[in-house]
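Chain letters run A, B, ... following the sequence lines, proteins first and then strands; every chain starts at 1.
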2 protein chains.
Amino acid sequence: MTELDRIFSDRIADVPRSFIREILKVAMDPGVISFAGGLPNRELFPVAALKDATARLFDDHGRDVLQYGSSEGHPGLREQISARYREKANLDVPVEDILITSGSQQGLDLLGKVILNDGDPVVIEEPGYLGAIQAFSMYRARFLPVPVSEEGMDVDALRAELAEHRPKLMYTVPNFQNPSGISYSEANRSELAQVLEGTQTLLIEDDPYGDLRFRGQPKSSFLKLLPEHTVLLGSFSKSLVPGLRLGWIVAPPPLMQKLLAAKQATDLHTSHFTQGIVHQYLRDNDPEAHIAVIREVYGRQCRAMQDAMREYFPPEVQATDPEGGMFLWAELPAGLTAMDLFQRAFEDKVVFVPGDPFYVRGSRHSTLRLNFSCADTETIFVGMERLGRAIHSLMDTASQSIAADGR
Amino acid sequence: MTELDRIFSDRIADVPRSFIREILKVAMDPGVISFAGGLPNRELFPVAALKDATARLFDDHGRDVLQYGSSEGHPGLREQISARYREKANLDVPVEDILITSGSQQGLDLLGKVILNDGDPVVIEEPGYLGAIQAFSMYRARFLPVPVSEEGMDVDALRAELAEHRPKLMYTVPNFQNPSGISYSEANRSELAQVLEGTQTLLIEDDPYGDLRFRGQPKSSFLKLLPEHTVLLGSFSKSLVPGLRLGWIVAPPPLMQKLLAAKQATDLHTSHFTQGIVHQYLRDNDPEAHIAVIREVYGRQCRAMQDAMREYFPPEVQATDPEGGMFLWAELPAGLTAMDLFQRAFEDKVVFVPGDPFYVRGSRHSTLRLNFSCADTETIFVGMERLGRAIHSLMDTASQSIAADGR
């Protein structure tokens, strides 16, 4: 292959390696407590119900769903998704506006494909979802990071980026964001909608965690506030199981036509077999009852992590206060980096994801992502105690080196 | 959405619409006999065996395969693929060189992604597989069509293109090609390998139909003849079922690393659930016996189509003589176009795919693709009789208009 070393495209050189992937390999060691993953809790998978639904699908529609299918997706499943938007969020989403994708990561790839030319500016949250950074990097996006906080996106910073760069795309996770766990407030959403009105910017509302709210009130979708400018991405990965690789895009007709052409060229269509399983599962079961259980468990585990943080962490460590989802975001005192903490914590057999991969600028950040969906409350306490010890130890080292510098 | 009309990428404008898709919609009419599709025969799907394998998978590994999985794919399935190459084709393919994809169409997308910059030249067979034209169009390939015939690819034409354009990629379907049904001879393969040796061109050997040989001897893979330059694409769509959307790429390590980064950015990974089903099916059943049945049926149906052609078509119509696969390719006498024939045949309730979408240059071609995998021999005779009538009628009209011109 030596002769072929130089055949690679320019775009592939731009894609950041997944540091998380490396960490997850490390976390496989059974003695290590991991807050690093972004996995839903496998103990909550409705395995028996999915098994029953699959058996029924084989009996009733086996040959149909094992054949090639339409690029748009399984008609019955698309209808169920449309009906749920109407019932749960009072959103009118026509079936024709729904394209089934192989997970919502594929939604990002398809949107990049049909919209981005080399170097096109894209607004991204800071910190932002690594998968979106990777997907849009493939289409050589130029990222415009805009900070997010507990209130939502920084409106002034966004206004400035829109005015200066006229980005085609703006990527957001307004509910329980990955990595930070923050949500956009109702007021922030309205302000952002006003700022975007009349621009040429398409807003991507990626909403994989929206169902996982364990406190507070649901907020308005941008599809309601700014229907002409919004593409909504949904997923069954967090509310059901990730292993079927099923998500969807809600997009208006002119965009949908392009997305369909891209979907065909990319993988023809997503499996109608796995779509048929979810369709049958949703018919035969009470999915809302199942989601309620997930919410209850994740809420309890999040509170356990917050309690443990108060008990074991130095008071200088700041953290977000999520209303749902799977992640909490902490910030170390100035001068400490999460990468240094990672080394120390790993020696004490606890891991997390340092904030660095979630930024498109800067390095040696002091923030870290903590996942609370996968460990039970007892394990969370043990792991947080270890992590607290590692932070104290890192602070001691830092203050000693400052003292030494002072001599 | 009016404001957003101009946000689309340049690449999406280049992708040809799938004319076949439109035809397939027409062919849904129950009275119409269709030779248009490219579907495997659903009557041959091993539904019961897949149902059993799935039930066992749920019982033994339910939570594992419903969770997120590795981007490379299911380890056991990759081992089975590697073992089969060793046993059936005497090919040494390390497990690490195998990436599971969501159908082999995704293999084309990933290869385009990691290799092509805008305007990069790509050798394509003439006529060539529409899905490959679509996939590489997305990365703005500049196509270099090289004719194929019953012997294989035109070696002189290829040599000229290589010398003039130094293409990065060359796309081939050496076994029972889609659309033409032709196969590259052993001599042709050796010659092509010699021509490619020492160039910077990567050969894609797309082999979805290789298992479906119903006569003649298996030919050497380019992976054997030209290992340093070959990427092999495989698929379970034709030998098992297409609805699970499972294929694979065989690529050497430096390319595999890039493909993995692209796979992650594209859809994280292919469902380990569907991979687990095939893994279990291959363990519990005799897949070779199943493939033997497919071969026998397709072979019989191909011969029926050839017999019907001799009986009903004017002798001026030329056709290929496939040794396997699902397609036959016919050429009308000079001056007749397959598009005109399509209109006339559709009125008589039989459809096929006119050759046009399989060419990247020219228009109003006189060739057509005929699929023989889906109709039983009786239906094939009825459909071919109708089609023969339509050809005769078109020839009559043409000779009358020539006679009229001559006056």
Student: Between Phe45(A), Tyr139(A), Phe136(A), Phe273(A), which has the largest tally of heavy atom pairs under 4.5 Å with chain B?
Tutor: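 The option with the most such pairs is Phe45(A).
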
Student: What part of Ile277(A) gets within 4.5 angstrom of chain B, counting heavy atoms only: side chain, backbone, both, or neither?
Tutor: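 The side chain, not the backbone.
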
Student: Identify which part of Val65(B) has an atom lying under 4.5 Å from any heavy atom of chain A, answering side chain, backbone, both or neither.
Tutor: backbone

Student: Closest approach of Leu44(A) and Arg63(B), non-hydrogen atoms and distance?
Tutor: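 Residues Leu44(A) and Arg63(B), closest heavy atoms: N-NH1, 4.3 Å.
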
Student: Is it the side chain or the backbone of Asp120(A) that comes within 4.5 Å of chain B heavy atoms, both, or neither?
Tutor: neither

Student: Among Ile115(A), Val47(A), Leu246(A), which has the most heavy-atom pairs under 4.5 Å with chain B?
Tutor: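 Heavy-atom pair counts peak at Ile115(A).
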
Student: So which part of Thr266(A) gets closer than 4.5 Å to some heavy atom of chain B, the side chain, the backbone, both or neither?
Tutor: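 For Thr266(A), heavy atoms of backbone and side chain both lie under 4.5 Å from chain B.
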
Student: Testing the basics here: between Leu116(A) and Ser9(B), what is the closest heavy-atom pair and its distance to 0.1 Å?
Tutor: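 Smallest heavy-atom distance, with atoms named: O-CB, 3.5 Å.
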
Student: Give, as side chain, backbone, both or neither, the part of Leu240(A) having an atom under 4.5 angstrom from any heavy atom of chain B.
Tutor: neither

Student: CG of Leu169(B) to CD1 of Ile7(A): how many Å apart, nearest 0.5 Å?
Tutor: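 The CD1 atom of Ile7(A) is 6.0 Å from CG of Leu169(B), to the nearest 0.5 Å.
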
Student: Which heavy-atom pair separates Ser102(B) from Asp267(A) by the least distance, and what is that distance?
Tutor: O-CB, 3.7 Å

Student: With no hydrogens and no angle check, is any side-chain donor or acceptor of Gln67(A) less than 3.5 Å from a backbone partner on Pro40(B)?
Tutor: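 Indeed, once roles are kept as given, a pair shorter than 3.5 Å links the two residues.
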
Student: To the nearest 0.5 Å, what is the distance between CZ (Phe58(B)) and OG1 (Thr54(A))?
Tutor: 3.5 Å

Student: For Leu57(B), which atoms come within 4.5 Å of any heavy atom of chain A: side chain, backbone, both, or neither?
Tutor: neither

Student: Once rounded to the nearest 0.5 Å, what's the spacing between atom CD of Gln106(B) and atom CD of Gln106(A)?
Tutor: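 Atom-to-atom, Gln106(B):CD and Gln106(A):CD are 7.5 Å apart.
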
Student: Based on non-hydrogen pairs under 4.5 Å, which of Asp118(A), Leu110(A), Asp59(A) is most in contact with chain B?
Tutor: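 Sorted descending by pairs with chain B, the first entry is Asp59(A).
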
Student: Please find the pair of heavy atoms, one from Asn117(A) and one from Asp10(B), that lie closest to each other, and give the distance.
Tutor: OD1-N, 2.8 Å

Student: Is Thr270(B) in contact with chain A via its backbone, its side chain, both, or neither, using a 4.5 Å heavy-atom distance?
Tutor: backbone

Student: Let me see the working for Arg245(B) and Leu268(A) under side chain to side chain contact (heavy atoms under 4.5 Å, CB included), right down to the final yes or no.
Tutor: CA-CA 9 Å; Arg245(B) 308 303 306 119; Leu268(A) 305 183; 3.6 Å; yes

Student: Identify which part of Pro253(A) has an atom lying under 4.5 Å from any heavy atom of chain B, answering side chain, backbone, both or neither.
Tutor: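 Neither; nothing under 4.5 Å.
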
Student: List the steps, then state whether salt bridge (charged side-chain N to carboxylate O under 4.0 Å, His left out) holds for Asp109(A) with Lys113(B).
Tutor: CA-CA 11 Å; Asp109(A) 178 59; Lys113(B) 216 170 217 171; 2.5 Å; yes

Student: Under 4.5 Å heavy-atom distance to chain B, tell me which part of Thr101(A) shows up: side chain, backbone, both or neither.
Tutor: neither

Student: Cation-pi between Lys258(B) and Phe8(A): NZ/CZ under 6.0 Å from ring centre and within 45° of the ring axis?
Tutor: yes

Student: Give the minimum heavy-atom separation between Gly38(B) and Tyr68(A), together with the two atoms involved.
Tutor: O-CE1, 4.1 Å

Student: Provide the closest heavy-atom pair for Ser271(B) versus Gly243(A) in the form atom of the first, atom of the second, distance.
Tutor: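 Distance-wise, the nearest heavy atoms are OG-O, 2.8 Å.
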
Student: Pick whichever of Lys51(B), Glu43(B), His269(B) has the most heavy-atom pairs under 4.5 Å with chain A.
Tutor: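 Result: the option with the highest number of such pairs is Lys51(B).
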
